[in-house]
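Have a look at the structure below before the remarks.
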Amino acid sequence: MRAFTYERASSPQQAARAVSERQGAKFIAGGTNLIDLMKIEVETPTHLVDVNGLGLESIEPTEEGGLRIGALVSNTALAAHETVRRDYAVLTRAIVAGASGQLRNKATTAGNLLQRTRCSYFYDINQPCNKRSPGSGCAAIEGYSRPLGILGVSEKCIATYPGDMAVAMRVLDAVVETVKPDDSTRAIPIAEFHRTWETAPEKDNVLEPGELITAVTLPKPLGGTHIYRKVRDRASYAFALVSVAAVIQPDGTGRFAVGGIGSKPWRREDADAQLRNGATAAARVLTQGASTTEDNAFKVPLVERTLAAVLAEARAKGNAA
Amino acid sequence: MPDDKSGILPISRRGLLASSAATVAVTASPPLSAAAAAQTGEVPTESIRFTVNGEERALDLDTRVTLLDALREHLKLTGTKKGCDHGQCGACTVLVNGERINSCLSLAVMHQGDEVTTIEGLGTPGDMHPMQAAFVEHDGYQCGYCTPGQICSAVATLEEIRKGIPSHVSEDLTGGFAPTEMEMRERMSGNICRCGAYSNIAEAMAQVAGASA
């Protein structure tokens, strides 16, 4: 690990300024992803600004009937929150499908949105990787690409966004609230938060230097049946090959987002509109434009089959209710 | 080079000369930037004060030191084990403010004021924690290397179930959660045992869960 200096931030604004004013400075919250990457020198911050003391751990109702989740709310606390379990169950289901109990206790809401790809070539500093070392090339496209992306990818990068929580947040149309170093704030719809890799794959998201996430808000509850189905190589503590987050209404309409297949949680409203026509129709629209390798082409039919299982489960639960 | 002028907490940094790890030069100010430190061969350090197994401890540490290495190398509490050092195996699991975490993926300097409990704090050979006694009774280990992490994780797992924290295998998210074998196995998936003592670990946990129910 490279040497770095360390400070504890006193306010979100001060934290944003501290990171923007220093070359190579980074925020640290839970640290479960950043410290891992620092040990193998994929991340080499020169200065860390610890934001844990900023008091952003509350979950509160919004005036619009939704929920405002502080940036530092742990994955465990968010999954266990009574309102989330009752009204946003797809979010609880997605969170507890990821990582381990130990990691969920440390991982934060904001940090989880910023989780970096698990592409093995990104992790190996001896390999070319446009995300880690812009312009060096991509070893994954001709390499071991089975876990990697088919949507939002390019000839520069086929990394996936690896998380589960954000896939549910995409279905729920969450909004990411931030503060910038000049004290201005903005609200970024989650659909626009993560990027695709046509250009600049080294930039995972649209945050500007020093811009700090302060909260994530959820609109008012959607009702319906909430399902998160994750397909992976072992039953627990593994990243998704394909995951589907869905909220399905009793009349068969609904919305769904898919994880494990793209540069970002993948959702299309024109695919949502096909849900009443079944998994085949909806999955066909969702995966339009997919760019596959020999190793990851299986993800296209796996999206359809996972969605079919989700719709079957929704029908079973809807009938039981 | 811009310096750290935040002044949030009193910070003392000391520089270690790279050529002689035993030589310590105390510099009151200004604090080092990492780039300046790289040029001079000095390493940024921070002071930290926290409670470990009920005892107040103070350390001056290289900022890179993980909580795991602070416990093992600086406080000589070697019960907590380093397995993968990347949050994948769970051997380093300790309790911080009552919650289990991977101590390998946490910087020691981020634990100012925290209460840390390691396997040494749960019980002693003469006065074992019920979970330690159950592991012995049910032979919940073979080589024993993952065991301190397994036991810390097992103690926290039962507490998480009691507090109503859901898991991936919880069918009903709105109700309480029972310490069934499925629940305990799922919640323990962050602790790997290469000897494969899982069934005995599950029996040990079931005994403690039954006794406390």
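As the structure is a prediction and not an experimental result, all values here were calculated from the model.
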Checklist line | Test: D183(A) and R17(A) ion pair at under 4.0 Å | finding: yes

Check: Quick one: of V109(B), T93(B), T174(B), who has the most non-hydrogen atom pairs under 4.5 Å with chain A?
Finding: V109(B)

Note to self: Checking N33(A) against R116(A) for the side chain to side chain contact (heavy atoms under 4.5 Å, CB included) test, could you report, in this order, the C-alpha distance in whole Å, the side-chain angles of both residues, the deciding distance, and whether it holds?
What the structure shows: CA-CA 7 Å; N33(A) 191 205; R116(A) 306 216 65 189; 3.8 Å; yes

Notebook entry, point to check: Under a 4.5 Å heavy-atom cut-off, does chain B meet the side chain of A97(A), its backbone, both or neither?
Noted result: both

Notebook entry, point to check: Are E159(B) and R100(B) within salt-bridge range, i.e. N to O under 4.0 Å?
Noted result: no

Check: Given a strict heavy-atom distance threshold of 4.5 Å, which part of A15(A) is in contact with chain B: side chain, backbone, both, or neither?
Finding: neither

Next item on the list: Can you tell which part of T157(B) gets under 4.5 Å to a heavy atom of chain A, answering side chain, backbone, both or neither?
Entry: neither

Item checked: Contacting moiety of A235(A), where chain B heavy atoms sit under 4.5 Å -> backbone

Check: Is the closest basic N to carboxylate O distance between D62(B) and R64(B) below 4.0 Å?
Finding: yes

Notebook entry, point to check: So which of G53(A), A89(A), A80(A) has the largest heavy-atom pair count under 4.5 angstrom toward chain B?
Noted result: A80(A)

Checklist line | Side chain / backbone / both / neither for S167(B) at chain A, heavy atoms under 4.5 Å | finding: backbone

Check: Side chain, backbone, both or neither: which part of N105(A) has an atom under 4.5 Å from a heavy atom of chain B?
Finding: both

Notebook entry, point to check: Would you call D85(B) and K82(B) a salt bridge, taking side-chain N to carboxylate O under 4.0 Å as the test?
Noted result: yes

Notebook entry, point to check: Can you say whether L34(A) sits under 4.5 Å from chain B via the side chain, the backbone, both, or neither, judging by heavy atoms?
Noted result: neither

Notebook entry, point to check: In Å and rounded to the nearest 0.5 Å, what is the CD to CZ distance from E160(B) to R104(A)?
Noted result: 8.0 Å

Check: After noting the C-alpha distance and the side-chain angles of L71(B) and T118(B), does the key distance pass the side chain to side chain contact (heavy atoms under 4.5 Å, CB included) rule?
Finding: CA-CA 9 Å; L71(B) 294 169; T118(B) 69; 3.9 Å; yes

Item checked: Atom group of D36(A) that falls short of 4.5 Å from chain B, counting heavy atoms -> both

